[in-house]
Amino acid sequence: MQTHMHLNENQRIAAQYKDAHILVLAGAGTGKTLTIMARAAYLIQRGVDPGRILLLTFTRRAAREMIDRLYLSIGKSARDVTAGTFHHFCLLTMRRMSKQFGIQEYTVIDREDQTDLMKLVRANFLKKKVIFPHASELIKIYSYARNTNIGPMKYLKKHTDHDEDTMKKICIVFKEYDKRKEANRYLDYDDILHRFAKKLHDDPAIAEKLRGLYDHILVDEMQDTNPLQWLILDGLKEPSKLFCVGDDAQSIYAFRGADFRNVHSFRRRVPGAVVLRLEDNYRSTQSILDVSNWLLKESPLNYKKNLKAKRESGDKPALIDFETEFDEAKWIADDLIKRHETGASWSDHMILTRTAWNSRTIEAILVEKNIPYVFIGGVGLLQAAHVKDLLCLVRASISHYDELAWIRYLTLWPKIGDITASRAIASMKEAPNATEAIHVMKKQFKTGQKIAEGPKLIQKYINEPAKALKAGARFLDPILSKRYNKWMSRKKDFNLLEQLAERYRSLLQFIETYTMDPISTTEATRSEGKDCVSLITIHSAKGTESSVCYIIRAEPGMYPYIRSLGEEDEEEEERRILYVAMTRAKDELVLTRTGTRYGKTVFHGGAVGSYFLATLPETLVESQSEWEGVFSASENSKNYGVIRPRKRYQ
DNA sequence: GAAGCGTTATACTAT
DNA sequence: ATAACGCTTC
């Protein structure tokens, strides 16, 4: 990282550009974040009210970090800048104008709830057993179609090969899903953007108001915004000025509707926009960039990227082979300990993983060896079954429309399954208010009195989330302790939850925050600023950096990921994922791979399927094999078997 | 008909 | 770890 707010010429020109919409094309490590912050600082110093600056980032973590850094540079006024993700910003704004947006009493639901709701709709729609996409697949299709602003039918025709009849049925199911969602007063992630964008474009009075909120909109990771997000920027951009920063080579969210080409069309979309470039890399050594550059050059797409280091050439990246993921994990843990003993901080190390579950082995070893770490990405604390049980009790207490929460809560009780629960909930829907609804529900069951106690308990503490959770946890304890093995270790999560909740003024706010920004258990436990190793998915690692980076499981079937094989667009996205991973490293890059694929040892001969590192020139890395008795690392890559594309899910 | 239990299959990325 | 499924019990 460059010294604080010390800008090079191009960064300075970008940060201080006047009166224009600006796109900054900034390669990895060229000081993207620094330039955005310098822009904010410059604007504020020139007299712009910080409250009239909107900073849109990709994760809430990124927003927090930027505001913290801005605080160090310009002080208190940094806190007045609105910073967050598109979803966060849109929801916040809609909550402030909840009457105009008609979202009072609405509950935000996550992907899992979306899928569960879709399951109900799907089951209702299908008479008998027919071949029909699963709920998770339906949600994926619908979400993608909405984020790219194309109709579901158009999407289905373009991306699947279902027959006409099935496609029509799928579209009907989507309509049913919408209806059910509305009846439950749910907002899914896509609704948050969609409702906002719709008002912005269809309601001139509200649009006028929204456009007047900010003078400057700064957007990080522009390459990963999708067409729906673009509608939002487009609607807000006059008289506000856009300052967008991105890099096509780091676009890794196509599955969410982003298109890496979208930064190229910026000038067409925004007439008169100025496009600037940052090309000097301050982050990494040249040896790390050499491998990264090589990877992009191998692509059939022309990224026109050749990162040049401002730093020394440094050590060559290492490529190390292991027989099993267990060996790999142990080696990394020992390497970390060695480095720590010679004076390095744990926090100088980042372990990058393609998939969240791939990190399980290494996580176990880190725990075993007492290496402090934080896991970022993947499944959250709030997804654990027992935590969901408690949160659903809370949700049910807040909203009597919340069908999923009620089903979950009611089915915790003996002799109540989903069918009985659904019936009771259907009768509740008629009730005019929450109190009446609970009264109606109570009468359905012999144990009704006891069942109704839970929500009543929670309702007492609507504005004291920690107390509500404590009361809820105590209330559910007898049921949950019977339900789960190892209950004592699960129960600990409730204390953690209570601690988190203390920071919030209402239950609604607490639930909403963590629904939109799920965190892992280690992330919740870690005290701020603690020295620890980061174990992180590459998708979550965007925008971060570390002195030493380990990219684990860099074997065939992983880069490109096995499911993308055969689809050029998808394989190229996988290339960018690996590129993002490599360019996080400042001083040392260690690629490790195993001979295990899906639990089986792979060392049969034959041609290599699509595997990026198969053609990696030996001069670019130091190869090493910890796989005793087997061929050397360089031979190794040639001896991996053919990888065939897995049958695609329809 | 519905609940509940035990067995088996299964894993990408995320707001 | 959990969802899905088949089977048994109420």
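Throughout, protein chains are lettered first and strands after them, A, B, ... in sequence-line order, and every chain is numbered starting at 1.
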Subject >> Selected nucleotide, minimal atom distance to A:Thr85 side chain, candidates B:dA14, B:dA11, B:dT15 >> reply: B:dT15

**OP:** Tell me which nucleotide among B:dA2, B:dT15, B:dA11 gets nearest to the side chain of A:Ile419.
**Re:** B:dA2

**OP:** Identify which nucleotide among B:dC12, B:dG1, C:dA4 has an atom closest to any side-chain atom of A:Tyr561, counting heavy atoms from C-beta outward.
**Re:** B:dC12

Subject >> Atom-pair distance (NZ on A:Lys446; P on C:dC10), nearest Å >> reply: 16 Å

Subject >> Given B:dG1, B:dT15, B:dT13, the nucleotide with the shortest approach to the side chain of A:Arg423 >> reply: B:dG1

Subject >> Separation of B:dA2 C1' from A:Asp418 CG (nearest whole Å) >> reply: 9 Å

**OP:** If the plane angle is over 60° it's perpendicular, under 30° parallel, otherwise tilted; pick one for A:Tyr409 and A:Trp413.
**Re:** perpendicular

**OP:** Output the single nucleotide from B:dA14, B:dT15, B:dA3 whose closest atom is nearest the side chain of A:Thr537.
**Re:** B:dA14

Original post:
Under 4.0 angstrom, heavy atoms only, what part of the nucleic acid is A:Ile538 near: base, sugar-phosphate, or nothing?
Top reply: nothing

Original post:
Which part of the nucleic acid, if any, lies within reach of A:Arg60 when heavy atoms closer than 4.0 Å are counted: base, sugar-phosphate only, or nothing?
Top reply: nothing

Original post:
Can A:Thr361 and A:Glu325 be counted as having a side-chain donor-acceptor contact under 3.5 angstrom?
Top reply: yes

**OP:** Using a 4.0 Å heavy-atom cut-off across all strands, classify A:Thr411 as base, sugar-phosphate, or nothing.
**Re:** nothing

Subject >> Gap between atoms CZ and C1', on A:Arg111 and B:dT13 respectively (whole Å) >> reply: 11 Å

Original post:
What residue pairs, at least two apart or across chains, pass side-chain hydrogen bond (donor to acceptor under 3.5 Å, both in side chains) with a residue in residues 85-96 of chain A?
Top reply: A:Arg60-A:His88, A:Arg95-A:Glu512

**OP:** Measure from CG on A:Leu535 to P on B:dT13 and round the result to the nearest Å.
**Re:** 13 Å

**OP:** Answer yes or no as to whether B:dC12 has its base stacked against A:Phe255, where stacking requires a ring-centre separation under 5.5 angstrom and planes under 30 degrees apart.
**Re:** no

Subject >> Electrostatic pair A:Arg563-A:Glu570, nearest N-O below 4.0 angstrom >> reply: no

Original post:
When you measure from the side chain of A:Arg360, which nucleotide among B:dT13, B:dA11, C:dT2 comes out closest?
Top reply: B:dA11

**OP:** Let me know the distance between CD1 of A:Ile376 and P of B:dC12, rounded to the nearest Å.
**Re:** 22 Å

Original post:
Is A:Lys32 paired with A:Asp247 through a side-chain N to carboxylate O contact shorter than 4.0 Å?
Top reply: no

**OP:** Describe the nucleic acid contact of A:Phe86 in one word from base, sugar-phosphate, nothing, applying a heavy-atom distance below 4.0 Å.
**Re:** nothing

Original post:
Are OP1 or OP2 of B:dC12 and a side-chain N or O of A:Arg354 less than 4.0 angstrom apart?
Top reply: no

Subject >> d(CZ, A:Arg122; C1', C:dA3) in whole Å >> reply: 13 Å

**OP:** Examine B:dC12: is either OP1 or OP2 under 4.0 Å from a nitrogen or oxygen in the side chain of A:Lys140? Give yes or no.
**Re:** no

Subject >> Closest to the A:His539 side chain, choosing from B:dC12, B:dA14, C:dA4 >> reply: B:dA14

Original post:
DNA chain C: A:Lys415 or A:Glu112, which has the more 5' nearest nucleotide?
Top reply: A:Glu112

Original post:
Does A:Arg261 pair with A:Asp248 as a salt bridge, N-O distance under 4.0 Å?
Top reply: no

Original post:
A:Asn358 has an atom CG; how far is it from atom C1' of B:dA11, in whole Å?
Top reply: 9 Å

**OP:** Looking at every strand, decide which applies to A:Arg490 at a 4.0 Å heavy-atom threshold: base, sugar-phosphate, or nothing.
**Re:** sugar-phosphate

Subject >> Which residue lies more 5' along DNA chain B, comparing A:Glu574 with A:Arg61 via nearest heavy atoms >> reply: A:Glu574

Subject >> Rounded distance in Å - CD (A:Gln383) to P (C:dA3) >> reply: 10 Å

**OP:** Return yes if the base of B:dT13 and the side-chain atoms of A:Arg256 contain a donor-acceptor N/O pair under 3.5 Å, otherwise no.
**Re:** no

**OP:** Could you check whether A:Lys542 gets within reach of a base, just the sugar-phosphate, or nothing at all, counting any heavy atom under 4.0 Å?
**Re:** nothing

Original post:
Which heavy-atom pair separates A:Leu404 from A:Tyr186 by the least distance, and what is that distance?
Top reply: N-OH, 3.0 Å

